[in-house]
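In what follows, a single structure is set out as structure tokens and then discussed.
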Amino acid sequence: MAADTIFGKIVAGEIPVEKLAETERVIAFPDIAPQAPVHILVIPKTTEYADVTELAAGDPALLAEMVEVAKRLADEHADGDFRLIFNNGAGAGQTVFHVHAHLLAGGLKEGSL
Ligand code: AMP
């Protein structure tokens, strides 16, 4: 279970963001500290899942929906190719414990991680 996080506040509308995509269960908005020409966060609206392992176990269809939204955004904002990164756990750099995908696209270096 995700604790009260900044992304929960964004979902609740308490912190305004530029919504780049929205479905019944998912929203996407620009990362505040972009690491690539296109850097968008794709998150489920539910606060139930802290990380991608919890989400994959609990609601794989919702994880698939996040990937679909990411693909649509990569088509809209770049050439359709993209990297999707889930930091899983503090030791891997996760700082917000409301599961989120980093969608990176546009001018990525071939072969780099
Ligand atoms: P992670 O380190 O994987 O947990 O990613 C958290 C991400 O959330 C970081 O890339 C931050 O730049 C981003 N972030 C934090 N607060 C906000 C915010 N208010 N709006 C957009 N992105 C944010």
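None of these values were measured; they are calculated from a predicted model. Whatever order the structure lists ligands and atoms in, that order sets their numbers, starting from 1.
Annotation: salt bridge (charged side-chain N to carboxylate O under 4.0 Å, His left out) contacts of Asp75 (sequence neighbours excluded): Lys71. Residues that satisfy the side chain to side chain donor-acceptor pair (under 3.5 Å) test with Asp81, not counting sequence neighbours, are absent from this structure. Evaluation of the side chain to side chain donor-acceptor pair (under 3.5 Å) rule for Asp59 yields Arg25 as partners, not counting sequence neighbours.
The aromatic ring centroids of His100 and His98 lie 6.0 Å or more from each other.
With Ile40 as reference, His77 is the one residue of His102, Glu76, His77, Glu18 to meet the side chain to side chain contact (heavy atoms under 4.5 Å, CB included) rule.
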Measure and list all N/O to N/O distances between ligand 1 and the protein that fall under 3.5 angstrom.
| unit_1 | atom_1 | unit_2 | atom_2 | d |
| --- | --- | --- | --- | --- |
| ligand 1 | 2 (O) | Gly93 | O | 2.8 |
| ligand 1 | 2 (O) | Thr95 | N | 3.4 |
| ligand 1 | 2 (O) | Thr95 | OG1 | 3.1 |
| ligand 1 | 3 (O) | Asn87 | ND2 | 2.8 |
| ligand 1 | 3 (O) | His100 | NE2 | 2.9 |
| ligand 1 | 3 (O) | His102 | NE2 | 2.8 |
| ligand 1 | 4 (O) | Thr95 | N | 2.7 |
| ligand 1 | 4 (O) | Thr95 | OG1 | 3.2 |
| ligand 1 | 4 (O) | Val96 | N | 2.9 |
| ligand 1 | 4 (O) | His100 | NE2 | 3.0 |
| ligand 1 | 5 (O) | His100 | NE2 | 3.0 |
| ligand 1 | 5 (O) | His102 | NE2 | 3.2 |
| ligand 1 | 10 (O) | Asp31 | OD1 | 3.2 |
| ligand 1 | 10 (O) | Asp31 | OD2 | 2.6 |
| ligand 1 | 12 (O) | Asp31 | OD1 | 2.6 |
| ligand 1 | 22 (N) | Ile32 | N | 3.1 |

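Salt-bridge formation is detected for the pair Lys45/Glu22: a Lys NZ or Arg NE/NH1/NH2 atom is positioned less than 4.0 Å from an Asp or Glu carboxylate oxygen.
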